[in-house]
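For reference, the structure is listed below as structure tokens.
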Amino acid sequence: MQEGKPGDRSAFSFEVHTRLQATADGLGKDGARHGRTGVIHTPHGDIHTPAFVPVATQATMKAVLPEQMRDMGAQCLLANAFHLYERPGDEILDAAGGLSRFMNWDGPTFTDSGGFQVLSLGAGFKKTLAMDVSGLQSDDVIADGKERHAFVDEDGVTFKSPLNGSMHRFSAEISMGIQHRIGADIMFAFDELTTLMNTRQYQEESVERTYRWAQRCVAEHQRLTQERVGKPYQALFGVVQGANYEDLRRHAAQQIASLDFDGVGIGGAIEKRLLGQICAWICDVMPESRPRHVLGIAAVDDIFAGVENGGDTFDCVAPARTARNGAIYTRDGRWNVLRTALKRDFRPLEEGCDCYTCQHYSRAYIHHLLRSREMTGSTLATIHNERFFIRLLDDIRASIDGGYFDEFKRETLARFYANGSKG
Ligand SMILES: [Zn+2]
């Protein structure tokens, strides 16, 4: 970073280390699968990939300090542009010196574009990337008991603030301005998120609209990079939509690949069983030199499918959100620490776990804290669950570099899901 000069783009780059060997049924190209290990270099440090990206929605991990995240091996954090725009306001983060300094996180950060939150107001459905659907398709479907709070037009989205009911507008240019002021190392283009409920025709229109918005995002991003001198370079990832349709996904990937993005976000509505395939369709088209982020992963098997088919980074709110309700991730599956039987169980959450919680605290104690609604219960459970996912991605990375990914995947999934575990 230099005074009076625009951010230096060479501060952001990606290098591939090991490509995943081809298998008879694996998807890939040039004699390898799409999965790989590598390093993303950012102005705030390196991310060794594949990597887990913990979600710090409001510029904080709920219940856990950044220092603790660093101690448990977190490499980077993802905050939410829409929430920070609403509160405290992106100009506050800009005045503080950017997201990383504001939250005392001395490492790389991501922001999502806000499109997901804004557009979710349009249907009132809870949407994770890998959702299960029953085949219902209509562009007017709204969740029971919900009112539509977001409206899409060619230029952007108008929506009602969930905080105070006031009307707001998001567009490509507005999202870029907000994300530049927030100052994360990796940002995402403003895209239209559809649901699997939308019709094929709507998905087609939406892919084209997302492409037009992507072009505007690149132009505005380049303008802001030149204008906002003295700031570190911020990388911009384009987002590929197209729901479950192979032709639409490939077409959208070609459109995004043709633009001057630093990386790609694999987003939108994806049926769980197609997650790996959709990543592979996109990676077929995308230049290998661009890192790939899979947005909003939901489960352990989704992470393996995403890594095998070319995902480099993965964000997931599940470990923190479920921890606060007592759900604990272990190698032997996910179970709940609130169960009455654990009231007198003085073992750690997971035997052999290297996290701070398991080194010092018992199931019985965490059971007691969460039942008493004590905040430290959330802290201890979140530390364990976040460490579980960070370590999982670290272990996957080692297995690719060491040439034993397939055995590791088989053993990990067999053990995790042996008892019909969710997650
Ligand atoms: Zn633990």
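Just so you know, ligand 1 is whichever comes first in the structure, and atom 1 is the first atom listed for that ligand. What's counted below: heavy atoms across the whole structure, side chains too, no hydrogens, waters or symmetry copies.
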Relative to F405, does R19 satisfy both conditions: NZ or CZ under 6.0 angstrom from the six-membered ring centre, and within 45 degrees of the ring's axis? no
Do the rings of F408 and F304 sit parallel, tilted or perpendicular, given the 30° and 60° boundaries? tilted
Of F314, F188, F261, the one forming a ring-ring contact (aromatic ring centres under 6.0 Å, His included) with H293 is F188
With a 6.0 Å cut-off on the ring centroids, do H168 and Y85 count as close? yes
Is a side-chain donor-acceptor pair under 3.5 Å present for E192 with Y202? yes
List-wise, which protein N, O or S atoms are found short of 2.8 Å from the Zn ion (ligand 1)? C353 SG, C355 SG, C358 SG, H384 ND1
Is there a donor in the side chain of E15 and an acceptor in the side chain of H41, or the other way round, less than 3.5 Å apart? yes
